[in-house]
Each structure stands twice: as structure tokens, then as C-alpha cells.
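None of the values given here were measured: they were computed from a predicted structure.
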Amino acid sequence: MTAIKHALQRDIFTPNDERLLSIVNVCKAGKKKKNCFLCATVTTERPVQVNVVKVKKSDKGDFYKRQTAWALRDLAVVDAKDANKNSTNLHTQQDVPVPKNGRENPEFDLHFEKVYKWVASSTAEKNTFISCIWKLNQRYLRKKIEFVNVSSQLLEELPKVAEESVPSGENQSTAGGDEESLDEYQELNAREEQDIEIMMDGCEYAISNAEAFAEKLSRELQVLDGANIQSIMASEKQVNILMQLLDEALKEVDEIEHKLSSYEEMLQSVKEQMDHISQSNDLIQLSNTNNMKILEEIEFLVNYLDLSKGHIKALTDGDLSSSKGIEACTNAAEALLQCMNVALRPGHDELQAVQQQQQQFKDLREQFARRLANHLNNVFVQQFTQTLTLHYRRASYHSVYGHDQSSTLAQHSAELTLPKHLPFHRDLLRYAKLMEWLKNTDREKYDGLNKNYVDYISRLYEREIKEFFEVAKIKMTGTSKEGKKFATLPRKESAVKQDLESLHGSSGKLTGSTSSLNKLSVQGSGNRRSQSSSLLDMGNMSASDLDVADRTKFDKIFEQVLSELEPLCLAEQDFISKFFKLQQNPALPGSVMADSIEVDGGLLSRQHSLLGDRHSVPSEKEEAGIIRSMMIKVFRCIEPELNNLISLGDKIDSFNSLYMLVKMSHHVWTAENVDPASFLSTTLGNVLVTVKRNFDKCILNQVKQMEEVKISKKSKVGILPFVSGFEEFAELAESIFRNAERRGDLDKAYTKLIRAVYNNVEKVASESQKTPRDVVMMENFHHIFSTLSRLKIACLETERREAKHKYTEHLQSYVIYSLGQPLEKLNHFFEGIEARVAQGIREEEVSYQLAFNKQELRKVIKEYPGKEVKKGLDNLYKKVDKHLCEEENLLQVMWHSMQDEFIRQYKHFEGLIARCYPGSGITMEFTIQDILEYFSSIAQSH
């Protein structure tokens, strides 16, 4: 155990500046035997910390490691479980029960935050460890630990056991007894050291003869004792005098105490009076404090729950028609809202006066909200009544004098403009703050006004917009029978009168009630008929038939319609946002509806009123949805009317869809830049889908008509109608789509049309009987190539190169085919020679063939003298002239190409003669110069 203790001190506790005082080998009770050591240690630095440390042997090597440490001050009980008959409680010194078995018990318990049960390897080690714990407790903790079941015999033997437990070879400082001896030792002071030195100097022999030195000290001590006794006896007189003085002093003290007692009795009554005065002052101070608090509460209630008489009068009888009256009512409504939104302190709402004031505020709010709603409802009705009355008078006038309504409407609206509602909006915007107040105080009446306004204004806009579109249709179609067929007449006098009667019948109803205005319905639009012009028609029309002026007029009218609708919708949406306070921007600080302000310790919440919890506040996204819903109801007739107008334009001329696509795309793009989610942007986007559908239908119709084209079998083909039509279409489209946003749609249409043109040109060329296929392909692809080169359409660059290739290919094919006819036998002869060479016969051996000898060659050449060749070329020129059309003017190009091809063939024939018939001297009957003269004279003669 000594070696283990030494190893633990060296390896574990010395690096931590601790000293190991005691050790015991233990294992946990009732479990598998895993031995460990409990160590009692103290730190070497002050203040001294006493710990109980659990040390365990490592599983990985033959060394010990520190596992757990407990502070000794956390130890509550040490239970030794001693089985001796005379066991006692060391802390209480009372007898404790003894187990029946009288054997030694190595078990003991340590009570920290929980009870740890241990079994020591021997009872002696347990007793030694408990002894060390007891000493450390006595020295550092002053008996704070309770020791139970420790025998009294062990208590007597503890010091001895502690001394025996220290090995002879160990440092004595590690034992508990040494700790006590160190505590008893006292160091000599300077005076004691000096006295000892003087004494030692006087007795030099003290070291050599200790007995003599001791005897001398004894004698001196006796002398000093005698002197002390004599001095005491001599001072007895002085002691008696001192005692007398003490007696006199005691008498004086008694007299002073008696006087102090009398003084205290005298001051007792004064003290009681002062106590009463102090209590009175405290009560006065408390009363003043309470009065100040009551005054503060009253001032708070008076200042923030009091509405002036002027505000009350404005709310009950204020003029809502004049600007001053509206301003007064607005200020009064804001003051009322502030009073109702004051955050009351605890207990205020139980006061009867406060309850009465709040009830008065609620009554004022409901009364003013009802009055405001009725007034605004009357303003809506008055505006609509004035407009309908104007229509009624106009309809009555035309009915009396028998004027045609369509012509009168066209004359009256010559400028094609929509009525502006700016004065009406300006008048209503004066009530914007009151509408905001109504929105936050009475949502039901606010929603009712919202609904009634939409009902009234939608009927007004419906009439104005329908008349506007009727004028636009009349301007597009003119006064012809066809125009009257397309245009829809305005509603008659009876319809206007019926609107007035229904309006007056519903105007008396309160805001929020169901209005009879919902009975109005939008006029249905006519069915759309696909009646369009085609590329074939354009190819057969003259410039006057195309009527470019009509298309330009349609474009201007359509642009004017969109230009009038756009500001109308934007102005109405802006008005609805401002008047009904549906803006998405948060309220500015300092406004009436600011979030909250603090006044004299009281919090005024303006956003949530006393009754505001009944209605949830819409978010910005929801308010934007409300604006869109209102706009859809107000302008419910715009989209059907626009679709009818588009259908009419498409019936007049299918190519009007190009104008409409460009204009509508531009306005959609502009509207999306302003607000992508606005009503205008959404509506124009929906209409744009219809326009795009008409445009695609127009393109598909042109493709279909190309596929159905039929060519006369008795006349030459020339430039096909749809080829000329494509040229006209491309010129028109390029002029319309210049700098347009939807250029991609045109590019896709170009691709569809050009592929259809190419396919149908090849189809017609294959079916042609009067004109050779190569001529049809050559002329039409040359025309396409010229058109694409002139217009420079970027997306058709590949098709342009393809057209040039096809034109060149079929030109060469036609030239070669045509030149084979005037010199037919000569061509056949040289083709036979080329066939023999291709079969492997050497060129110089061809003349040995019977069918291709020199004699046969001379015979063939004699059949084609110069006059015969010129005659054949002249017939060829006439034949080519019959095949080619005058529109494309390719005769001279074709004749020049034939000349080049003929010269090339001539040179090829001369080369074959030179290689296959060397030294024969055989030559053609005509030369290259003769060929040039032939071609030139033939061209000039025609």
C-alpha cells in the first residue's frame, strides 16, 4: 500500500499541487468487484481545499488515472457501519443500534449529493481513512460532517492509529498528527530571541555543562520569585487606595444612572408626541400622493377622452357638400378615432363616466358613418343620374326628329374620344380621408359604398364605352351596307329610360344594401365569321384593290381606341386606389393612421380601434386583389367590346390582324412596365391572345389556300399568284413590324409561309403541262430570291440562299436540256464516245469502233453546217420565249447562259475530236466566233 501511495502522490497529486493524506482500497457494494482507491487530499496553496478523489487503474495500461473528485464540504454523512457493541455517534455522542453479528464490517457509506456505498479491502484501512476524514473535518470544516456508527473505542484510538498509519520512512508532514503539531508551533519574536542571546552570552558553558546552566537558571528564578513577592507585599497600601477610588467611582456611576433614568422618564412623553406627529406627516404625505395620482388620472381621461363640442356638432350636423364642411368633418372624425383608440389604463374601463363616454363615442361613430355613407351614395346616384339624363334627352331628340342614330352618333363623336371623369374624381377625392376613416371604423358600410360605387360607375362606363366602340365600328366600316351589317346600333330611348327608372328606384336605399343596378347585363357580341383575304387574292389584285388607305385608316382607328382606353383605365384605377385607400404603400409617419404614438405615459393605438378587432386588416396583396376585382366589375364590357372590334377588323380584311398584333403588343408591353398585375395589363394580355390567334389563323389560311391552288393547263404558268402574294405580304409585314415588340411572331409566320411557298412551287411545277418544270422552278425561285434579297429579312437568310441555289440549278438544267435539241444527232454521237471511254476503251482507240469511226464523224458534222445551226438556235429562242413569262424578264439571262453553255459544249466536242481522232484534220463546220454572231443576231432580231 505504501508503494501505491507513493506512486499516486508522484504521478497524480504532485502535478496538481496536492498532498495525499490517506488512502483506502475499495469496491462498490453489491456489484462486480472492480477495485479502486479513495484518496483524501489537501491542496498546498491557501486557502486549503480538501477533496475526496476516486482513482482507478486504467484498462489500457499499468497506470492510474483520476476518475472522480468530491469536495469534502459536500460530504454530509459518514456511515462506518461499525459492528462493535460500544459503537457511538461521533457527532451526537449517542448510542446507536448494533448489528446482531459481532464481526468486523469493512463496509462504509459516504453521503454526498447521493449515497455511495463502499466495501474496503480491510477494516483497518477503513478506520484509518475515516480517521483522516474526521481530522480534516475538525481542522477545516469545524464538525460540519456527521459521523455515525463509529465506535467510541475507535474514537480514542484515532490519534494513535493516525500516528501508526504513517510509515517510518515517509515524510512526517503527510500524517494528520503533524498537521496538528504544525498548528501548535509558535515562532519566537525578536525580543525573545534577543533575551535568549543575552542569556547564552552570559552562560558560555551552557553548551558544555548543561546541568550547571540549569542550576544557575533555577537559582535566578528563585531570586526573581522572592523579589516578586516582596514587590507585591509592598504595593498592598496602593491597592487599598485604588479600591477606595473604585468605590467612589461606583457611587458616582449610580448617581449618573439615577439622573439618566429621570431624564428618560421626562423624554418619554415627548417621544410619544413626536411619534404621533411623524404618523400624521406620513398620512399627509400619502394623501398628497394619492391626490396627485387621482389628478393625473383625471387629466388623462379629460385630455384624451373628451371630444369638443365643435367636433360633435361637425359629426352630427356638419355639411358634407362644401370643402370647409368636409375638412371640419374630417378633423372631427380623426379626433373621434383618437379618443376611441386611447389605450386605457387598468381599471379605467370600470368607471361609469368612462363607459358613458365610450358609449357616446360609439353612437357618434355609427351616426356619422351612416350619414357619410348616405351622402356618398347620393353623390354616386347624382353623377349617374346626370349622365343618363343627358343620354335620355339626346335619345328623345333623335326620336322626335327622326334622325338615324348611327349617323348622329358618328357626327357627335367625330373625334372618337371617351368622356373624361376627372371632375367627378376630383369631387370625390375630397372624401378620401373620410373613406379611410370609414374603412377603419365601419367595414360593413365601407364595403357597401365600394359595391354601390362599382354598380353605378360600371353602368356609366358600360354605356360610354359601348357608344365609343359603336363610333369606332362606324368609322372603320363607313356608311356602306357592309358597314351597317357589321356595326351594332346604340340602345334605344326606352332602354335609357328604363335605366333612369331603375336608378331612381334604388337610390333611396342605404349603403350596403343590394342595389337593383345588378340587373344590368352586358350586350352580347356577335358571332365571329372568318372571312379573310388571301395571298392568292393579293397576287391577282391591283394596287387600288389592296386599298392601302383603308388599312392605314383602320390602323389609326385601332390605335386611337387603345390610346383612349389606356388612360381611362389608369385614371380609374388610380382613383379607386386613392379614394378607397387601397394603396399598397404603408402609411407615412405622422398620418392619421400611423401605427401608434405615446402621450404622457398612455399608448394611443391608431391602427387597431376599440372595435377594430371585429374586422381583420387586409394585407397589401389582398388590397391589390380588391383593386383588380373592382376594376374587372367596372370595366366588364371592355374585353368583349375589344374582341368584337377585333372580329370586325378581321372580317373587313384578314391582314388587319398584323396591325392589331403590333399595336396590341406595344400597349401590353407599356402596361406591363407600369404594373404587370394591373387590370389594364391583364385585360390587354387576354385580348392579345385573341389577336395572336387571329394572326395565326390568317397565316394558316394562306398556307391552306396555297395547297388548294389550281393552274390552267392551257396557259403558261409564269410567276405563281401565291409567290407574288408572299412578296406583297412580306412588304406589308415589314412596314408594320418595323421596331415592333412581337417580331418573333412574324418570324415564325415567315418560316411557315416560305416553306409552304417552296413546297407548293415544286408541286405546281411537277403538275405543269404547258410550261417545263425547270422553267416554273427557275422563274419562281428567282422571284423569291429577288424579293428576299431586296427586303433583307434576317430570319429568312437560309431560305434566300436556298432560293438562289434552286434558281441556278434549274436554270442550268433547262439550258442543258434545251441545247440538246438543235444539235440532237451531234450530241448523241459524242455522248456515245463518252460512254465508250467510260467503259474502259482508250480515247485513241475509239476511232476503230465501227459506229464511231472517222467516216461516221464526218457524216454527222456535215449534217450541221452553220446555217442549220443558226436556224436551230433561232427556233430554240422562239421556244424559250414561249416558255418564259414577261414579268420576270429572264429571256436575255437565259439566252446568255445558253450561249455560254453552247460554247462550253463546242469546246468539249473539239477536245474529244482532238483526243479520239488525232491527226485526222476533222473540224466543226462553224467556229466560236460564228456561235457568238448567231446568238447576237438572233437576240437583236427578236
Side-chain angles (χ1 to χ4, degrees), residues 532-535 538 546 548 551-563 565-566 642-643 645-646 649-650 652-676 678 680-704 706 722-759 783-804:
S532 60
S533 59
S534 63
L535 293 179
M538 291 184 65
L546 292 176
V548 179
R551 290 177 181 169
T552 305
K553 183 179 72 171
F554 173 83
D555 183 34
K556 291 180 180 180
I557 294 173
F558 191 74
E559 170 64 23
Q560 191 171 1
V561 168
L562 296 179
S563 300
L565 289 176
E566 185 173 349
L642 273 175
N643 288 330
L645 188 67
I646 291 168
D650 193 47
I652 296 173
D653 187 352
S654 64
F655 287 144
N656 285 335
S657 61
L658 278 70
Y659 293 97
M660 291 187 286
L661 181 62
V662 172
K663 297 299 181 183
M664 189 61 69
S665 300
H666 175 71
H667 283 272
V668 169
W669 178 80
T670 304
E672 288 180 349
N673 287 340
V674 176
D675 184 4
S678 66
L680 181 65
S681 176
T682 305
T683 302
L684 294 182
N686 295 337
V687 176
L688 177 61
V689 173
T690 303
V691 173
K692 177 61 169 58
R693 191 179 294 117
N694 290 345
F695 174 78
D696 294 338
K697 186 176 181 180
C698 174
I699 299 302
L700 292 177
N701 190 33
Q702 312 313 316
V703 174
K704 182 178 179 181
M706 290 181 197
F722 54 80
V723 173
S724 301
F726 175 79
E727 179 183 10
E728 298 290 340
F729 174 83
E731 291 176 350
L732 177 64
E734 287 300 311
S735 64
I736 296 174
F737 279 81
R738 187 176 294 109
N739 301 325
E741 287 82 4
R742 299 294 292 256
R743 177 72 193 193
D745 295 332
L746 179 63
D747 292 342
K748 293 179 182 178
Y750 275 148
T751 304
K752 291 181 181 179
L753 287 175
I754 198 68
R755 297 319 311 175
V757 169
Y758 283 9
N759 295 335
H783 190 86
I784 295 172
F785 171 72
S786 302
T787 300
L788 297 181
S789 299
R790 175 169 53 84
L791 296 179
K792 297 179 180 180
I793 303 174
C795 66
L796 298 181
E797 183 61 26
T798 302
E799 285 76 8
R800 187 186 71 85
R801 290 193 295 268
E802 181 181 354
K804 182 180 181 181

* Might you work through the side chain to side chain contact (heavy atoms under 4.5 Å, CB included) test for D653 and F554, ending with a clear yes or no? => CA-CA 10 Å; D653 187 352; F554 173 83; over 6 Å; no
* State whether the number of non-hydrogen atoms from other residues, nucleotides or ligands found under 6.0 Å of K704 atom NZ is greater than 12. => no
* Find out whether V723 and T787 are in side-chain contact, i.e. whether some heavy atom of one side chain is under 4.5 Å from a heavy atom of the other. => no
* To do: Determine yes or no for a side-chain-to-main-chain donor-acceptor pair under 3.5 angstrom, with S657 supplying the side chain and S654 the backbone.
  => yes
* Are any side-chain N or O atoms of D555 and backbone N or O atoms of Y659, one a donor and one an acceptor, separated by less than 3.5 Å? -> no
* Do NZ/NE/NH1/NH2 and the carboxylate oxygens of E734 and R738 come within less than 4.0 Å? -> no
* Side-chain heavy atoms of M664 within contact of K692, under 4.5 Å -> no
* To do: For side chain to side chain contact (heavy atoms under 4.5 Å, CB included), just list the numbers for L562 and L642, CA-CA rounded to whole Å, side-chain angles, deciding distance to a tenth of an Å, and then say yes or no.
  => CA-CA 9 Å; L562 296 179; L642 273 175; 4.1 Å; yes
* Hey, are the side chains of L661 and L688 touching, using non-hydrogen atoms and a 4.5 Å cut-off? -> yes
* Looking at side-chain heavy atoms only, is the closest gap between F695 and V691 below 4.5 Å? -> no
* Minimum side-chain heavy-atom gap F655-D650 below 4.5 Å -> no
* Asked: Between L680 and E566, what is the shortest heavy-atom contact and its length?
  -> CD2-CG, 3.4 Å
* Asked: Taking all atoms of both residues into account, what is the closest heavy-atom pair of V703 and L753, and its distance?
  -> CG2-CD2, 4.0 Å
* Nearest-0.5 Å distance that lies between atom CG in L791 and atom CG in L796 -> 9.5 Å
* Asked: If you take all heavy atoms of E672 and S681, which pair is closest and at what distance?
  -> CG-OG, 3.2 Å
* For E799, does its backbone N or O pair with a side-chain atom of Y758 as donor and acceptor, under 3.5 Å? -> yes
* Asked: Judged by atom type as modelled, is there a donor-acceptor pair below 3.5 Å linking the side chain of S735 to the main-chain atoms of L732?
  -> yes
* **Residue pair R800 / K792, side-chain heavy-atom distance below 4.5 Å** => no
* **Any side-chain heavy-atom pair of F722 and Q702 under 4.5 Å** => no
* Structure fact -> The side chain to side chain contact (heavy atoms under 4.5 Å, CB included) partners of D747 (sequence neighbours excluded) come to R743, Y750, C795
* **Euclidean distance, I646 CD1 relative to T690 OG1, rounded to 0.5 Å** => 6.0 Å
* To do: Could you walk me through whether E559 and S563 pass the side chain to side chain donor-acceptor pair (under 3.5 Å) test, one step at a time?
  => CA-CA 6 Å; E559 170 64 23; S563 300; 3.0 Å; yes
* CZ of F726 to CD1 of I754: how many Å apart, nearest 0.5 Å? -> 3.5 Å
* **M706 side chain reached by N759 side chain, heavy atoms, under 4.5 Å** => no
